[in-house]
Amino acid sequence: MPASPTIRSVRVTPVAVPLAVPTRIATREVVAREFVLVEIETDEGVTGVGYTYTGTTGGRLCATFIDDYVAPRLVGGPALAPERVWATLFQEHLLIGRRGFLLRALSAVDIALWDLMGLVAGQPLYRLLVGFRDAVPAYASGGYYRAGDPLENIERELTGYLKLGFKDFKIKVGGAPLDVDVERVRVAREMIGPAARLGLDANNAWRTVSEALRFARAVEKYEPWWLEEPLLPDDIEGHAQIAAALDWPVATGEIHSTRWDFRALIEKRAADILQPDAGVIGGIGEWMRVAHAAATFDIPVAPHWHADVHVHLVAAVPNALTVEYFSLEEDIYNFERLLVDRLQPKDGLIPLRDRPGLGLELDRAAVERFRIG
């Protein structure tokens with residue numbers, strides 16, 4: 001029996017991809033997005049690619065941590081044992097973090113190892129995960145706060161997404177006065193029609209349950225799809241109160257890490273829709289565990305961001321609702337500027353590509369152009 005491949009090298013690259021025009025959510029401004037790319041090569045010359053997002057800063061720090069502390073523990077070890085590697089790394093670093101920065105680093109490593117699994121098997125990742133479908137529903141995400149008339153901005157962006165054939169949408173809320181945000185929701189609903197679904201994303205905008213409910217009551221006549229992250233992520237009890245008070249769903253989970261964070265959300269009934277992010281939660285293995293746990297309680301999942309990874313996971317899980325999609329032309333979520341080609345949505349669906357692993361091909365010139373340092 002041939003020996004299993006081992007890890008020969010780990011290459012880590014932090015990048016900062018600027019936005020042409022600064023944009024804003026309810027709680028901060030964004031001028032560039034920092035990602036950390038992880039490439040893990042086996043002794044047989046196969047390279048898996050993973051990545052995570054570190055916000056508007058932190059890319060260099062995260063990359064240095066992986067270089068100095070994670071990579072030395074990987075080299076020479078098994079290349080096709082992502083669950084074993086994850087458990088070992090998580091246990092070794094318990095004292096320095098069980099959320100946030102550490103878990104984003106582990107996420108990038110884990111994603112690269114799962115990509116390797118697919119590449120070595122010669123199968124797209126979603127098939128390796130016992131794929132449930134070959135195309136996944138997607139919604140057009142946007143509605144960020146930018147200079148100019150807030151209603152005209154909504155009209156322009158949604159017009160473009162409607163031309164692309166999208167049937168479901170999401171816009172930002174919580175970053176403007178209540179009356180302005182209510183008008184933005186009204187305009188969005190009128191543009192997309194009564195049958196389309198419209199998510200509302202507050203990005204932790206409100207500090208109290210009453211503030212969040214005041215907004216929710218003001219827009220509920222427009223039949224929103226969900227209210228996303230109304231409070232700070234650790235206010236699980238507050239999310240539970242909002243979920244109990246509303247007749248429409250509360251969604252959260254994009255900043256939560258590991259299965260244990262999501263266990264608390266499920267136990268407290270703090271969310272009607274869970275939004276795990278493979279780049280935050282700890283990687284693909286943790287994402288799948290959370291999705292399956294949610295299924296036992298009939299809770300749907302709708303992952304946050306990173307469509308290039310999440311199309312595979314949503315395709316593998318029956319209780320997954322949809323994938324969040326950003327048009328690169330909108331210059332909001334810009335990871336695809338680092339890739340040779342992009343996902344191709346059609347009529348509100350993203351077909352899965354028949355490529356081994358995640359199917360990502362880095363644009364080397366772009367990676368070098370945006371490299372930090």
Side-chain angles (χ1 to χ4, degrees), residues 23-27 136-206 209-231 239 242-252 254 271-273 275 300 302-305 307 321-327 329-333 345-350:
T23 190
R24 189 171 58 84
I25 61 176
T27 49
V136 299
Y139 68 91
S141 191
Y144 283 61
Y145 296 98
R146 286 179 160 167
D149 184 277
L151 304 187
E152 290 179 1
N153 287 345
I154 291 289
E155 291 174 355
R156 180 200 58 77
E157 188 173 4
L158 290 182
T159 296
Y161 277 134
L162 286 165
K163 288 179 180 178
L164 290 176
F166 280 95
K167 300 174 177 63
D168 298 324
F169 307 84
K170 186 175 81 178
I171 65 171
K172 297 297 185 182
V173 295
L178 178 63
D179 61 334
V180 175
D181 263 347
V182 171
E183 280 296 286
R184 293 171 70 250
V185 175
R186 177 189 65 78
V187 168
R189 171 53 70 196
E190 289 178 357
M191 287 197 66
I192 65 178
R197 295 184 290 192
L198 178 64
L200 307 178
D201 184 2
N203 289 110
N204 326 113
W206 300 296
V209 171
S210 59
E211 280 185 286
L213 287 177
R214 180 171 179 247
F215 170 82
R217 300 300 189 205
V219 299
E220 62 187 357
K221 62 185 175 183
Y222 301 116
E223 298 186 346
W225 189 4
W226 67 57
L227 179 61
E228 181 173 335
E229 282 201 308
L231 306 174
H239 279 87
I242 296 170
L246 294 182
D247 293 329
W248 47 288
V250 169
T252 194
E254 69 180 64
D272 304 288
I273 298 169
Q275 297 178 296
H304 167 256
W305 274 22
L321 280 180
T322 185
V323 169
E324 184 171 16
Y325 177 83
F326 293 86
S327 170
E329 285 72 21
E330 288 298 327
D331 194 34
I332 292 173
Y333 173 82
K346 183 178 181 181
D347 298 328
L349 295 173
I350 300 179

Just wondering, more than 12 heavy atoms not from Glu223 lying within 6.0 Å of its CD?
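No, the 6.0 Å shell around CD holds no more than 12 heavy atoms from other groups.
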Any ion pair linking Glu152 and Arg146 (charged N to carboxylate O, less than 4.0 Å)?
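Between Glu152 and Arg146 there is no salt bridge, as every charged N stays at least 4.0 Å from the carboxylate O atoms.
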Taking only Lys NZ, Arg NE, NH1 and NH2, and the carboxylate oxygens of Asp or Glu, determine whether Glu220 and Arg217 approach each other closer than 4.0 Å.
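Salt bridge present between Glu220 and Arg217.
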Interatomic spacing from [atom1] in [X] to [atom2] in [Y] - rounded to 0.5 Å:
X	Y	atom1	atom2	answer
Ile154	Ile192	CD1	CD1	10.5 Å
Asp347	Leu164	CG	CG	10.0 Å
Glu330	Ser141	CD	OG	10.5 Å
Leu231	Asn204	CG	CG	8.0 Å
Thr252	His304	OG1	NE2	10.5 Å
Trp248	Leu227	CH2	CG	4.5 Å

Heavy atoms, side chains only, cut-off 4.5 Å: are [X] and [Y] in contact?
X	Y	answer
Pro137	Asp168	no
Pro345	Ile350	yes
Ile273	Val250	no

Measure across [X] and [Y] and return the closest heavy-atom pair with its distance rounded to 0.1 Å.
X	Y	result
Glu155	Val187	CG-CG1, 3.6 Å
Ala138	Phe166	O-CD2, 3.7 Å
Pro303	Thr322	CD-O, 3.2 Å
Ala202	Pro230	CB-CA, 4.1 Å
Gly174	Trp206	CA-CZ2, 3.9 Å
Asp272	Pro249	OD2-CA, 3.3 Å

Begin from the C-alpha positions of Glu228 and Glu254 and carry the test side chain to side chain contact (heavy atoms under 4.5 Å, CB included) through to its verdict.
CA-CA 9 Å; Glu228 181 173 335; Glu254 69 180 64; 2.9 Å; yes
Start with the C-alpha distance between Trp226 and Arg197, add both sets of side-chain angles, then the distance that settles side chain to side chain contact (heavy atoms under 4.5 Å, CB included), and finish with yes or no.
CA-CA 9 Å; Trp226 67 57; Arg197 295 184 290 192; over 6 Å; no
Kindly determine whether Leu349 and Val136 satisfy side chain to side chain contact (heavy atoms under 4.5 Å, CB included), including the steps that lead there.
CA-CA 5 Å; Leu349 295 173; Val136 299; over 6 Å; no
Is it the case that the side chains of Tyr144 and Asp201 hold a donor-acceptor pair, with the cut-off being a distance below 3.5 Å and no angle test?
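No, no side-chain donor-acceptor contact under 3.5 Å.
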Plane angle bin for Trp225 and Tyr139 - parallel if under 30°, tilted between 30 and 60°, otherwise perpendicular
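Correct class here is perpendicular.
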Are Arg186 and Tyr222 close enough, and set up right, to give a side chain to side chain contact (heavy atoms under 4.5 Å, CB included), and what steps lead you there?
CA-CA 7 Å; Arg186 177 189 65 78; Tyr222 301 116; 3.5 Å; yes
Would the distance check show the side chain of Arg184 and the main-chain N or O of Ala176 forming a donor-acceptor pair, the cut-off being under 3.5 Å?
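Between the backbone of Ala176 and the side chain of Arg184 there is no qualifying donor-acceptor contact (under 3.5 Å).
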